[in-house]
Amino acid sequence: MPELAFFRHGEELLRVVLADQTTIGRSADCDVCLPDPGLSHIQASIERRPAGYTLLDRSGRGTRVGAEDVTEVVLTDGVHLTFGSWRALFRESASDDPEATSARGLTGIRPVEAPVAAQARLRVRDRGRERIVPLPDEGLTVGSVAGNGLVLDDPFVSSRHARIDRPAGRWELTDVGSTNGTLLGGVRIYRAELPPGLPITLGDSELVLEIGAPRDGRLPGSYEGMFSLDPGMRQVFDFIDRLAPAETAVSILGETGTGKELVARALHARSPRAAGPFIPVNCAAIPETLMESELFGHEKGAFSGAERLRKGAFEEADQGTLFLDEIGEMPLDLQSKLLRALDSAEVKRVGASRPIHVSVRIVSATHRDLPAQVRAGKFREDLFYRLSVIPLSVPPLRARQGDVRALAQRFLDTNAPRGLQLRWSEDALRRLESYDWPGNVRQLKNVVQRALLLRGEGAVLPASAVTFEDLRPAAVPGGDDTTLYLPGLTLEEIEREAIRLSLRRNRGKRAAAVKELQIAKSTVMKRIAQWKLQDEGRESGAPPEPEDD
């Protein structure tokens with residue numbers, strides 16, 4: 001059957017089976033939509049005529065076939081066509097021989113291996129998460145309603161959107177009359193051969209065909225809605241795989257914007273509780289007077305305004321996972337009630353006389369230093385040990401080599417207008433990589449979205465489109481890593497940090513700290529014992545300093 005094999009930069013990206021009439025251009029209404037600004041909305045059409053498949057130019061400027069710009073020509077086997085930055089090779093019939101035809105030095109048509117049914121699968125990214133769907137030998141339909149082999153919860157996917165088949169041992173992708181079209185490698189298609197690894201875009205969802213044994217269970221860099229090429233983050237992903245099957249509590253530590261909730265969702269998605277609910281609770285966003293009701297629920301009439309019975313987060317998360325974000329902000333009096341609920345696996349609604357049994361896995365997260373909170377008396381020590389059975393630290397973006405560049409391009413591809421392919425200039429990428437990202441991945445995403453609005457004309461985003469809003473206080477002249485940071489700290493925290501940093505500067509010598517701080521020696525010794533700072537600043541293995549120094 002006649003086909004066009006499309007190449008870009010010498011690499012074959014897709015094959016399109018020609019119908020009786022096939023239109024090519026940059027319009028989304030074309031059968032083959034090529035996102036290239038140098039093309040007309042409808043650049044050309046290829047029609048089946050008695051003399052053979054004929055190309056008709058629709059742009060008025062001519063379409064290059066071979067070495068000439070033509071308005072109409074009968075295509076011959078092996079002739080190459082040029083559509084802007086794309087090259088296409090016309091074949092009268094498909095061939096299993098990759099050396100049978102080549103396009104004047106371009107990569108020849110590569111054979112697509114016929115997969116074993118049990119080894120073919122689709123990697124699906126939708127709703128911010130990633131999953132694997134087995135691809136049966138007879139193929140499947142993809143759509144947004146029940147009855148399809150693959151159901152996507154996406155408002156931009158038609159009820160019956162596309163079909164994936166395997167005629168003659170090769171996988172084919174066919175659009176079955178969708179509203180928004182089917183894109184293969186960024187090109188809108190009606191029917192095309194489906195090679196492994198090339199992304200299929202349906203609405204806001206993405207599918208990728210994989211063949212052969214799974215490699216590490218996921219595509220390089222991708223993991224449950226997260227992406228990283230950094231070895232430190234890969235260790236986090238591997239750690240999640242080991243922790244997910246367990247029922248133990250996990251405490252996720254990391255700076256604001258590092259993606260702690262995504263890590264919690266990954267733990268849930270890979271756990272035996274994945275079919276149950278995932279209930280997130282932001283402890284910093286709930287008023288103290290309402291937090292008990294939010295967690296445990298309340299009976300009708302339990303307090304003024306309680307006009308009906310309300311389930312709390314624990315009940316909502318029964319048989320699933322409860323994610324307590326910013327747990328360090330929870331009031332002390334509620335911490336004791338939370339501890340009791342965790343120990344007894346029972347909760348009592350406000351105003352209720354009997355407890356309710358729940359089965360919930362607890363995952364907590366905070367950007368605060370919880371051990372310091374415990375030493376300062378702001379967080380219960382017993383609750384700390386109950387929640388931090390397994391701590392999991394998420395590295396900041398500035399410590400993830402190479403991720404800024406990769407994530408910036410991914411966010412650009414995700415947020416770019418439909419059908420428009422954009423890229424960063426090298427100056428813009430260097431500007432992004434030289435920044436230290438106090439807001440981490442969340443801030444990078446915002447910077448990319450702002451750059452899209454400031455990009456101007458053209459497909460390349462310049463460095464001038466990259467702007468930052470740094471809310472951190474200006475650096476203190478002469479300051480270094482041991483400079484005391486004051487904004488947001490209480491008087492007690494300031495005193496503790498001053499003593500801790502002084503001990504660190506003086507390598508644990510208490511007499512030197514007393515002299516530097518000009519505080520009574522008895523006060524310093526009392527605070528060191530109270531906040532367990534005896535080893536602060538002291539080299540590992542060094543003997544403790546005498547108390548009478």
Side-chain angles (χ1 to χ4, degrees), residues 249-256 258 260 283-284 324 326-336 338-339 364-396 398-399 436 438 472-473 475-549:
V250 178
S251 180
I252 305 171
L253 311 175
E255 297 179 6
T256 298
T258 50
K260 296 187 289 294
C283 299
L324 299 176
E326 297 301 345
I327 189 68
E329 310 299 329
M330 182 173 287
L332 267 173
D333 60 338
L334 193 59
Q335 292 177 24
S336 60
L338 175 61
L339 180 63
S364 60
T366 183
H367 72 282
R368 289 190 174 274
D369 183 352
L370 280 188
Q373 293 279 91
V374 171
R375 292 192 294 268
K378 293 189 173 183
F379 200 85
R380 291 180 62 104
E381 186 174 6
D382 46 5
L383 179 59
F384 170 76
Y385 289 121
R386 183 66 174 77
L387 293 174
S388 298
V389 176
I390 303 177
L392 195 163
S393 296
V394 183
R398 60 182 171 275
D436 63 352
R472 295 169 299 179
V476 179
D480 53 26
D481 291 341
T482 61
T483 300
L484 179 61
Y485 176 73
L486 297 178
L489 298 182
T490 64
L491 185 60
E492 181 181 6
E493 289 172 331
I494 291 172
E495 183 181 7
R496 175 177 59 80
E497 289 299 294
I499 294 175
R500 184 180 67 82
L501 293 175
S502 181
L503 288 170
R504 181 174 293 183
R505 284 191 295 269
N506 292 286
R507 299 185 179 181
K509 297 184 182 298
R510 301 174 191 177
V514 169
K515 183 177 180 181
E516 179 184 74
L517 297 172
Q518 298 183 12
I519 301 176
K521 178 181 177 181
S522 58
T523 301
V524 173
M525 301 299 290
K526 179 180 178 181
R527 295 291 185 256
I528 289 174
Q530 176 184 348
W531 293 321
K532 298 180 175 60
L533 300 176
Q534 292 89 340
D535 295 330
E536 193 68 48
R538 199 162 52 84
E539 294 183 3
S540 177
E545 189 177 354
E547 297 290 338
D548 58 350
D549 58 350

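Model, not experiment: these values are computed from the prediction.
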Asker: Under the side-chain hydrogen bond (donor to acceptor under 3.5 Å, both in side chains) test, which residues partner R386, sequence neighbours left out?
Answerer: D343
Asker: Please confirm whether the backbone N or O of D333 pairs with a side-chain atom of S336, one donor and one acceptor, at under 3.5 Å?
Answerer: yes
Asker: Minimum heavy-atom separation for L387 to S364, with atom names?
Answerer: CB-OG, 4.0 Å
Asker: Does some side-chain heavy atom of I327 sit less than 4.5 Å from a side-chain heavy atom of L370?
Answerer: yes
Asker: Only counting residues at least two apart or in another chain, list the ones meeting side-chain hydrogen bond (donor to acceptor under 3.5 Å, both in side chains) with Q335.
Answerer: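 Result, side-chain hydrogen bond (donor to acceptor under 3.5 Å, both in side chains) vs Q335: none returned.
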Asker: Return the minimal non-hydrogen interatomic distance between P391 and S388, and the atom names on each side.
Answerer: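 P391 and S388 have their closest heavy atoms at CD-O, 4.1 Å.
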Asker: Going by side-chain contact (heavy atoms from CB on, under 4.5 Å), name the residues that satisfy it together with A284, two or more places apart in sequence or in a different chain.
Answerer: N282, E326, E329
Asker: Report the distance from atom OG of S251 to atom CG of L392, rounding to the nearest 0.5 Å.
Answerer: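 S251 atom OG to L392 atom CG measures 9.0 Å (nearest 0.5 Å).
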Asker: May I ask you to test the V250-V389 pair for a side-chain heavy-atom distance under 4.5 Å?
Answerer: no
Asker: Can you name the residues that form a side-chain hydrogen bond (donor to acceptor under 3.5 Å, both in side chains) with D382, not counting sequence neighbours?
Answerer: R380
Asker: Measure across E516 and N506 and return the closest heavy-atom pair with its distance rounded to 0.1 Å.
Answerer: OE1-ND2, 3.7 Å
Asker: K532: what forms a side-chain contact (heavy atoms from CB on, under 4.5 Å) with it, not counting sequence neighbours?
Answerer: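 Scan of K532 (side-chain contact (heavy atoms from CB on, under 4.5 Å), adjacent residues dropped) gives R375, Q534.
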Asker: At their closest point, which heavy atom of H367 faces which heavy atom of T256, and how far apart are they?
Answerer: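 Closest heavy-atom pair between H367 and T256: CG-OG1, 3.9 Å.
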Asker: Side chains of L338 and L324: closer than 4.5 Å at any heavy-atom pair?
Answerer: yes
Asker: Calculate, to the nearest 0.5 Å, the distance between atoms CD1 and CD1 belonging to I252 and I390 respectively.
Answerer: 11.5 Å
Asker: Taking only residues two or more places apart in sequence or in another chain, which ones pass salt bridge (charged side-chain N to carboxylate O under 4.0 Å, His left out) with E255?
Answerer: R398
Asker: Do D369 and F379 make a side-chain contact, defined as non-hydrogen atoms from C-beta onward lying under 4.5 Å apart?
Answerer: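 A side-chain contact under 4.5 Å is absent here.
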Asker: Rounded to the nearest 0.5 Å, how far does OG1 of T523 lie from CG of L517?
Answerer: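 Output value for this atom pair is 11.0 Å.
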Asker: CZ/R496 to CD1/I528 distance, rounded to the nearest 0.5 angstrom?
Answerer: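 The CD1 atom of I528 is 13.5 Å from CZ of R496, to the nearest 0.5 Å.
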Asker: Partners of A513 by side-chain contact (heavy atoms from CB on, under 4.5 Å), sequence neighbours excluded?
Answerer: S502, L503
Asker: When rounded to the nearest 0.5 angstrom, what distance separates CD in E497 from CZ in R504?
Answerer: 8.5 Å
Asker: Could you tell me which residues satisfy salt bridge (charged side-chain N to carboxylate O under 4.0 Å, His left out) with E495, sequence neighbours excluded, listed by chain and number?
Answerer: R527
Asker: List the residues meeting side-chain hydrogen bond (donor to acceptor under 3.5 Å, both in side chains) with Q373, not counting sequence neighbours, and say none if there are none.
Answerer: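 Applying side-chain hydrogen bond (donor to acceptor under 3.5 Å, both in side chains) to Q373 gives none.
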